[in-house]
Protein chains: 2
Amino acid sequence: MKLSTRGRYGLRAVIDLAVHDNDGAIALSQIAERQGISMNYLEQLIPKLRKVGIVKGIRGAQGGYVLSKPAHEISVGDILRALEGDLNPVECVEVMGTDTTCTNSDTCVTKNVWKRISDSINDAVDGIMLSELVEESKRVNNEASTDTSQKLNC
Amino acid sequence: MKLSTRGRYGLRAVIDLAVHDNDGAIALSQIAERQGISMNYLEQLIPKLRKVGIVKGIRGAQGGYVLSKPAHEISVGDILRALEGDLNPVECVEVMGTDTTCTNSDTCVTKNVWKRISDSINDAVDGIMLSELVEESKRVNNEASTDTSQKLNC
DNA sequence: CTAATTCCTATTAAATCACTCGGCTTTCAA
DNA sequence: TTGAAAGCCGAGTGATTTAATAGGAATTAG
């Protein structure tokens, strides 16, 4: 019941990108260095974010990545689901009504348990917008004001 | 971000045990057969439940397992945490204040995200008591009333 | 005693994770 | 026009975890 590094690194990368949003295209190498993440590995996470329209790649020299829509239109849920797949604790809880796997879903007691967990997770992450995290990141780094690099942990 | 079979099988096993609570000690072989779970594997999950005082083993012939406290005093959270370990989405979110790993927790923006996810998961599972699931299981099986075996899926 | 049962430890095949690596394509800048 | 900077893509790999299986010791009712 843990998020993988995909979700953790990926969220940090997107926050980093969002914080530097008005600096034009940001090269992956910059994000990787600031966040202390292997660039090769980050490169694997990006396609997942690109596919759902969170980031956009700009190829060629002086290229890099930008957010493909404003930060207040991107939720943490969007980011984490792109990176981790659906956030349901079990397979059988699908999008609502579309029970593919679980055959005896009528007599299944545990299903309601998984549903409640699933809903609470998704509600939580959908309630946090990327813009909030950007604000918080800037505020925290101003207070600390030691270095301007947006180094994030966890 | 999925529960393992430990949590899924284990919860079903405990529900099964709770449903047959007044039949005396229940052999693992019975639970395994009713739930369609390998007995050898179930045997590995039991120690986790025993350690936190959810079930109690009765050794010898005619032995088996019983709940070690009433079902309304056992939450789904107790069961899942026993089987899966803590339900936090990342390591660095610990019991509140005991931040062992994450060093720069002050400037860590994502930490609050993990905290909110963690809280919502734990609130959800702690709000469901085993007794509720037993009630529901009995009700559902009466309505369906095809077989008396408490076969659960998911 | 003996059969049933819990209890404990070891082994294992398969999957997943967290990367690394190499090569290709696109584009800008000099 | 060419070269370097970047994104893009797929294959490979060691370590860890998962989901079991297997075997045997301890315990107890009948």
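Residue numbers start from 1 in every chain, and the chains themselves are labelled A, B, ... in the order their sequence lines are given, proteins ahead of strands. As the structure is a computational prediction, the values presented were derived from the model and not from experiment.
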In this structure, how many angstroms lie between the P atom of C:dT16 and the CE atom of B:Met1, rounded? 18 Å
Find which nucleotide of DNA chain C each of B:Met39 and A:Glu84 is nearest to by heavy atoms, and output the residue with the more 5' nucleotide. B:Met39
Over all heavy atoms of both residues, which pair between A:Gly127 and A:Glu132 is shortest? Give the atoms and the distance, please. O-OE2, 3.6 Å
For nucleotides 4-6 of chain D, list the nitrogen or oxygen atoms of the protein found under 3.5 Å from its nitrogen or oxygen atoms, one pair per line.
from: D:dA5; atom 1: N3; to: A:Ala61; atom 2: N; distance (Å): 3.4

Separation of atom CZ in B:Arg12 from atom P in D:dA19, rounded to whole Å: 13 Å
Tell me, yes or no, whether the heavy-atom count around A:Lys56 atom NZ, taken from other residues, nucleotides or ligands under 6.0 Å, exceeds 12. no
Whole-Å distance, B:Leu45 CG to C:dT6 P, equals 14 Å
Less than 4.0 angstrom between a side-chain N/O of A:Ser38 and OP1 or OP2 of C:dT20, yes or no? yes
What is the distance, to the nearest angstrom, from the NZ atom on A:Lys48 to the P atom on C:dA18? 12 Å
Rounded to whole Å, please give me the gap between CG in B:Leu3 and P in D:dT18. 11 Å
Atom-to-atom span, OH of A:Tyr9 to C1' of C:dT20 - whole angstrom: 14 Å
So A:Ile79 and A:Val125, do their side chains get closer than 4.5 Å, heavy atoms only? no
Looking at B:Lys115 and B:Asp119, does any basic side-chain N land under 4.0 Å from a carboxylate oxygen? yes
Side-chain (A:Gln35) to main-chain (A:Ala13) donor-acceptor, under 3.5 angstrom: no
Please report, rounded to the nearest Å, how far the P atom of D:dT18 is from the CZ atom of B:Arg8. 12 Å
Kindly indicate whether the side chain of B:Lys2, heavy atoms from C-beta on, has any atom under 4.5 Å from the side chain of A:Asp86. yes
D:dG7 C1' sits how many Å from A:Leu42 CG, rounded? 13 Å
Assert: residue with more 5' nearest nucleotide on DNA chain C, out of B:Gly57 and A:Thr5, is B:Gly57
Restricting to pairs with a member in residues 24-68 of chain B, which pass ring-ring contact (aromatic ring centres under 6.0 Å, His included), not counting sequence neighbours? B:Tyr9-B:Tyr41
Protein-to-nucleotide contact annotation, 5' to 3' order, nucleotides 9-17 of chain D [B base; S sugar-phosphate only; - none; under 4.0 Å, heavy atom]: B-B------
Side-chain donor-acceptor pair present, A:Asp78, A:Ser75, cut-off under 3.5 Å: yes
So B:Asp126 and B:Arg81, do their side chains get closer than 4.5 Å, heavy atoms only? yes
